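This structure is a prediction, so every number in the text was calculated from the model and none was measured. Below, chain A is the first sequence line, B the second, and so on; all start at residue 1.
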Amino acid sequence: MTLIEKTLESELLGIVKELYPGFDMSGKLFVQKTGDAKFGDYQTNFAMVSAKALGRNPVEMAKEIAAKYIRSGTVERAEVAGPGFVNLFLSDKFLGEYVKSANTRAYDFTFIPRRGDVLVDYSSPNIAKRMHIGHLRSTVIGDAIKRIYKFLGYKVIGDNHLGDWGTQFGKLIVGYRKWLNRADYEKSPIGELERIYVEFERRTEAEPELAEEARQELKKLQDGDTENTRLWKEFVDMSLTEYGKIYRRMNVSFDTFHGESFYHGRMPGIVKTLLDKGIAQISEDAVVVFFEEAEHLPPCIIRKQDGAFLYATSDLACIQYRREHYEINRIIYVTDDRQIDHFRQVFRISERMGLNEPKVHVPFGFMKFADGMFSTRKGNVILLDDLLDEAVKRARAVIEEKNPGLPEDEKDLVAEKVGIGAVKYADLSKNRVSVVIFDWDKMLSFDGNTAPYLMYTYARIRSMIRKAEDAGKNLRDDASILFEDALERALAVRVTQFPVAVMKAAEAYSPNLIADYLFDLCQSYNSFYNALPVLKEKDELLYSRLLLSEQVSRVIKTGLDLLGVETVERM
RNA sequence: GCGCUUGUAGCUCAGCUGGAUAGAGCAACGGCCUUCUAAGCCGUGGGCCACAGGUUCGAUUCCUGUCAGGCGCACCA
């Protein structure tokens with residue numbers, strides 16, 4: 001179905017064309033929601049934006065435009081306000097019908113240029129390390145961005161760019177040969193590998209020759225040494241098995257797992273190209289790209305003195321690979337903001353190489369404790385599984401208190417969804433590009449703008465609809481949505497705002513805009529729910545409110561799904 | 001030193017490509033369950049939107065500068 005803004009804009013376009021023939025209104029003509037119901041439901045700033053170019057008074061223009069709305073079926077009345085706003089009050093009939101058909105037909109997003117593939121890089125854990133809460137944000141935000149772009153009709157590929165080729169493998173191979181505890185390794189493979197890694201870091205201070213040994217093992221691995229390759233493969237496979245469990249638990253999925261190793265074969269070619277084209281040069285035996293002073297970027301090392309490749313090399317190879325295998329619409333990288341410079345470097349270099357596809361880095365603030373950084377090396381991490389367990393445990397306790405009558409197995413299921421939803425939403429509802437101080441109580445809050453609040457609103461509606469069905473009052477196709485109370489109307493207007501909220505979230509790569517929208521919708525619904533009875537009303541009003549409730553529940557479910565948060569029918 | 005980033009209520013944060021008296025949640029206080037799930041709703045108090053200039057009909061939003069925090073700055077990812 002056509003977005004309400006599009007309907008209103010095309011109507012406005014007709015009016016404006018008639019009033020100001022020949023005027024170039026590109027980029028000036030748009031309709032947006034209002035901040036307050038007294039300013040109508042939607043508004044346009046066209047008069048204010050165009051007055052200067054037309055040499056007119058904006059208020060007079062606004063009056064001319066408003067006057068043309070007299071016989072519109074969509075707009076009941078148009079008012080001029082302030083310095084030249086035209087405030088549009090939708091007709092109840094149009095609004096009711098729009099809300100009634102919302103969600104039953106797919107929204108029409110064909111006006112968005114959606115050609116090609118959107119590639120999203122996210123999660124990207126380092127092999128042989130258990131996932132901890134530092135991996136949460138990239139995983140959850142990346143997954144949501146993927147879902148949001150899919151919803152808009154893009155073809156999306158989610159790629160887990162695994163850290164499966166870094167320096168840690170040299171250290172792991174050395175440690176594996178020297179200190180591995182076989183029994184522990186069989187019991188908890190990644191746990192033991194982590195221990196070895198920490199051991200390596202601990203000993204390096206006293207035995208600096210270990211570092212050199214690790215460098216050599218890494219080089220051997222990168223040159224294809226059989227034994228080192230076998231070990232490497234073992235580490236990767238075991239890690240992926242563990243990650244698979246946690247991704248399933250979090251309802252996160254990927255289309256490809258092309259880690260850094262996947263691009264290894266391309267890296268010499270990348271280096272050669274960069275040198276041949278004069279983009280890179282040899283400096284202190286390394287291959288380095290330097291930037292212009294105005295770019296304010298530090299030199300970027302493409303190949304180390306010892307011949308090994310780096311993160312930047314694999315990212316360039318990755319872009320090249322994608323160019324050959326996809327029709328790239330854009331590439332989206334979701335990582336913490338410490339990598340901003342890295343991606344600026346990679347993007348600049350790739351452009352000089354002629355790899356000009358749009359690329360965007362979506363940075364977020366990394367998470368730390370009040371007293372310092374997480375570090376596998378130091379051992380002060382909170383494992384992702386432990387965080388989820390704690391969340392589920394707390395959710396279980398609340399269910400026990402609020403809804404003890406639920407069957408035990410359903411309590412478990414609901415606790416899992418509520419707990420995990422709360423954790424994911426805690427990250428998705430924020431837009432902060434600054435450090436996040438980890439705090440159990442904030443991460444696992446169930447009040448206010450949280451997943452449990454939204455899920456609760458959904459469950460309430462479902463419960464009401466079940467009760468209606470039990471009473472023989474099923475939803476009716478021929479019901480109309482009536483606006484007897486301002487609360488109903490405010491709620492209906494919010495339902496119409498959903499698709500644009502999704503578009504804005506996509507444009508800004510900010511899932512929190514959907515979270516904000518859903519929270520607002522749910523607050524509006526709960527006010528309605530609290531003030532206006534549904535099942536006690538006479539039929540016409542009962543079916544109207546039931547249908548409105550149903551439509552709200554669908555938006556909540558769809559919206560939460562875009563955030564990767566599941567709903568439950570009761571809680 | 002250079003660069004990036006952040007600064008909004010006591011705390012945690014929204015604020016939609018510049019829009020009308022700046023919004024939530026938590027915390028505090030006062031109400032609402034014989035009525036559809038009180039994980040809820042209604043109300044009260046709480047703000048020179050870090051500071052100073054500039055652009056604009058209009059600035060929390062854009063530009064410049066200052067101050068403060070965080071992060072990055074050749075062979076980690």
Side-chain angles (χ1 to χ4, degrees), chain A residues 27 30 32-36 38-39 43 45 48 51-52 58-59 81-85 87 124 126 163 165-168 260 283-288 290 293 295-306 308 310-312 314-315 335-342 344 363 365-366 368 395 398-399 401-403 418 429-435 437 439 441-442 445-450 452-453 455-457 459-468 471 497 500-501 504-505 507-508 510 512-513 515-517 519-520 523 526-531 533-536 545-546 549 570-571:
Chain A
F30 58 95
Q32 61 187 350
K33 69 176 187 180
T34 55
D36 191 317
K38 74 181 177 205
F39 298 133
Q43 66 180 192
N45 304 331
M48 287 179 287
K52 189 165 270 183
V59 175
F85 293 103
N87 294 332
S124 308
N126 285 325
W165 204 248
T167 26
Q168 79 262 37
E260 294 170 325
S283 171
E284 295 173 31
D285 293 329
V287 177
V288 184
F290 293 94
E293 192 147 345
E295 292 179 299
H296 294 297
L297 284 171
C300 180
I301 306 219
I302 299 298
R303 194 180 68 194
K304 303 204 286 189
Q305 284 177 344
D306 65 7
L310 292 111
Y311 189 31
S314 86
D315 269 339
T335 79
D336 76 59
D337 63 351
R338 289 173 301 183
Q339 297 188 32
I340 287 177
D341 278 350
H342 162 75
R344 284 184 58 209
F366 64 95
K368 57 173 258 181
V398 175
I399 294 164
E401 183 199 333
K402 307 281 184 186
N403 203 349
V418 169
S429 60
K430 289 175 179 50
N431 191 29
R432 267 293 185 279
V433 183
S434 57
V435 175
I437 306 291
D439 181 308
D441 291 330
K442 276 170 196 141
S445 161
F446 293 172
D447 299 317
N449 187 5
T450 64
Y453 174 80
M455 294 169 77
Y456 174 75
T457 308
R460 262 182 155 179
I461 299 175
R462 302 312 303 169
S463 171
M464 189 177 78
I465 290 171
R466 278 196 305 275
K467 283 229 161 74
Q497 296 165 351
V500 165
K504 294 197 163 167
E507 282 164 16
S510 299
N512 78 295
L513 296 177
D516 285 351
Y517 165 79
F519 181 53
D520 184 52
Q523 285 191 124
N526 282 319
S527 297
F528 158 85
Y529 180 92
N530 216 265
V534 176
L535 302 180
K536 288 188 187 59
R545 289 181 177 166
L546 203 57
S549 298
R570 46 184 189 172
M571 62 189 270

(request) Grab the stems for RNA chain B, please: at least three consecutive Watson-Crick or wobble pairs, both distances below 3.5 Å, written as range with range. (result) B:1-7 with B:67-73, B:10-13 with B:23-26, B:28-32 with B:40-44, B:50-54 with B:62-66

(message) Under the rule for side-chain hydrogen bond (donor to acceptor under 3.5 Å, both in side chains), what residues qualify as partners of A/Y529, not counting sequence neighbours?
(response) none

(message) Using atom P in both nucleotides, what's the gap between B/U8 and B/G15 to the nearest angstrom?
(response) 14 Å

(message) I want to verify the glycosidic state of B/C33; is it syn or anti under the 90° rule?
(response) syn

(request) Would you mind telling me which residue lines up with the more 5' stretch of RNA chain B, A/A308 or A/V398, judged by nearest nucleotide? (result) A/V398

(message) Less than 4.0 angstrom between a side-chain N/O of A/R460 and OP1 or OP2 of B/A38, yes or no?
(response) yes

(request) Report yes if a side-chain nitrogen or oxygen of A/N431 is closer than 4.0 Å to either non-bridging phosphate oxygen (OP1 or OP2) of B/C16; otherwise report no. (result) no

(request) Could you check how far CG of A/L535 sits from C1' of B/C36, rounded to whole Å? (result) 4 Å

(request) Report the C-alpha separation of A/D516 and A/S429 in whole Å, then their side-chain angles, then the decisive distance to 0.1 Å, and conclude whether the side-chain hydrogen bond (donor to acceptor under 3.5 Å, both in side chains) test is met. (result) CA-CA 7 Å; A/D516 285 351; A/S429 60; over 6 Å; no

(message) Looking at B/C41, I'd like to know if its phosphate oxygens (OP1 or OP2) sit under 4.0 Å from a side-chain N or O belonging to A/S527.
(response) no

(request) Can you tell me, in whole Å, how much space there is between the P of B/C71 and that of B/C13? (result) 16 Å

(message) Using a heavy-atom cut-off of 4.0 Å across all strands, would you classify A/M571 as base, sugar-phosphate, or nothing?
(response) base

(request) Heavy atoms only: give me the nearest A/V418-A/M571 pair and the separation to one decimal. (result) CG2-CE, 4.0 Å

(request) Please determine if a side-chain N or O atom of A/K442 lies less than 4.0 Å away from the OP1 or OP2 oxygen of B/U12. (result) no

(request) Whole angstrom is fine here: how far is it from NZ in A/K430 over to C1' in B/G7? (result) 17 Å

(message) So for A/T450 and B/A39, does any side-chain atom that can act as donor or acceptor lie under 3.5 Å from a complementary atom in the base?
(response) no

(request) Check salt bridge (charged side-chain N to carboxylate O under 4.0 Å, His left out) between A/D439 and all other residues, then give those that pass, not counting sequence neighbours. (result) A/K442

(request) Would you classify A/N512 as touching base, sugar-phosphate or nothing, given that sugar-phosphate means primed atoms plus P, OP1 and OP2, and contacts are heavy atoms under 4.0 Å? (result) sugar-phosphate

(message) Between A/N87 and A/T34, is there a side-chain donor-acceptor contact under 3.5 Å, judged purely by atom types and distance?
(response) no

(message) Going by salt bridge (charged side-chain N to carboxylate O under 4.0 Å, His left out), name the residues that satisfy it together with A/R545, two or more places apart in sequence or in a different chain.
(response) A/E488, A/E537

(message) What is the distance, to the nearest angstrom, from the CZ atom on A/R303 to the P atom on B/A74?
(response) 20 Å

(message) For the C1' atoms, the ones on B/C26 and on B/C62, what distance do you get once it is rounded to whole angstrom?
(response) 33 Å

(request) Taking all heavy atoms of A/Q32 and all of A/N45, pick out the closest pair and write down the distance. (result) NE2-ND2, 3.0 Å

(request) Identify whether any heavy atom of A/F528 sits under 4.0 Å from a base atom; if not, whether one sits that close to sugar-phosphate; answer base, sugar-phosphate or nothing. (result) nothing

(message) Is there a side-chain contact between A/S549 and A/M464 in this structure, where contact means two heavy atoms from C-beta onward sitting under 4.5 Å apart?
(response) yes

Contact list (N/O, under 3.5 angstrom) for nucleotides 17-26 of chain B vs protein:
residue: B/G19; atom: N7; partner: A/N45; partner atom: ND2; Å: 3.2
residue: B/A20; atom: N6; partner: A/Q43; partner atom: NE2; Å: 2.3
residue: B/A20; atom: N6; partner: A/N87; partner atom: OD1; Å: 2.6
residue: B/A20; atom: N6; partner: A/N87; partner atom: ND2; Å: 3.3
residue: B/A20; atom: N1; partner: A/N87; partner atom: ND2; Å: 3.3
residue: B/U21; atom: N3; partner: A/K38; partner atom: NZ; Å: 3.3
residue: B/U21; atom: O4; partner: A/K38; partner atom: NZ; Å: 2.0
residue: B/A24; atom: O3'; partner: A/Q523; partner atom: OE1; Å: 3.3

(request) Provide the distance between the two C1' atoms, one in B/A77 and one in B/G72, to the nearest whole Å. (result) 13 Å

(message) I'd like to check the salt bridge (charged side-chain N to carboxylate O under 4.0 Å, His left out) partners of A/R570; sequence neighbours left out, ordered by chain and number.
(response) A/E410

(message) I need the CE-P distance between A/M464 and B/G40, as an integer number of Å.
(response) 18 Å

(request) Treat primed atoms plus P, OP1 and OP2 as sugar-phosphate and everything else as base, then score nucleotides 64-70 of chain B 5' to 3': B for base contact with protein heavy atoms under 4.0 Å, S for sugar-phosphate contact only, - for none. (result) ------S

(request) Taking only the side-chain nitrogens and oxygens of A/Y529, find out if one of them lies under 4.0 Å from OP1 or OP2 of B/U35. (result) no

(message) Restricting to non-hydrogen atoms, name the atom on A/K467 and the atom on A/L535 that form the minimum distance, rounded to 0.1 Å.
(response) CB-CD1, 3.8 Å

(request) Write down the distance separating the P atoms in B/A50 and B/A9, rounded off to the nearest Å. (result) 8 Å

(message) Please confirm whether the ring centroid of A/Y453 lies under 6.0 Å from the ring centroid of A/F446.
(response) no

(request) For the residue pair A/L513 and A/S510, establish whether any side-chain heavy-atom pair is separated by less than 4.5 Å. (result) yes

(request) Check side-chain hydrogen bond (donor to acceptor under 3.5 Å, both in side chains) between A/Q497 and all other residues, then give those that pass, not counting sequence neighbours. (result) none

(request) Have a look at A/I340 and say if it touches a base, only the backbone sugar-phosphate, or nothing, with a 4.0 Å heavy-atom cut-off. (result) sugar-phosphate

(request) Identify whether any heavy atom of A/K33 sits under 4.0 Å from a base atom; if not, whether one sits that close to sugar-phosphate; answer base, sugar-phosphate or nothing. (result) base

(message) I want to confirm an ordering. Mapping A/P299 and A/Y311 to their closest nucleotides on RNA chain B, which one lands closer to the 5' end?
(response) A/P299

(message) Considering every strand and a 4.0 Å limit on heavy-atom distances, what is the contact class for A/I465: base, sugar-phosphate, or nothing?
(response) nothing

(message) Looking at A/K536, I'd like to know whether one of its side-chain N or O atoms comes within less than 4.0 Å of OP1 or OP2 on B/C36.
(response) no

(request) Tell me, please, which residues at least two apart from A/S283 pass side-chain contact (heavy atoms from CB on, under 4.5 Å). (result) A/V288, A/F290

(request) Look at the side-chain N and O atoms of A/Y456 and state whether any lies under 4.0 Å from the OP1 or OP2 oxygen of B/A39. (result) yes

Restricting both atoms to N or O, compile the protein contacts to nucleotides 60-63 of chain B shorter than 3.5 Å, with distance only.
none

(message) What contact category does A/S283 fall into here, base, sugar-phosphate, or nothing, at under 4.0 angstrom with non-hydrogen atoms?
(response) base

(message) Any base atoms under 4.0 Å from A/E401, or only sugar-phosphate, or nothing? Heavy atoms, all strands.
(response) nothing

(message) My understanding is that only residues two or more places apart in sequence, or in another chain, count here; which of them pass side-chain hydrogen bond (donor to acceptor under 3.5 Å, both in side chains) with A/T335?
(response) A/H361

(message) Tell me every residue that passes salt bridge (charged side-chain N to carboxylate O under 4.0 Å, His left out) with A/R462, counting only those two or more places apart in sequence or in another chain.
(response) A/E550, A/E569

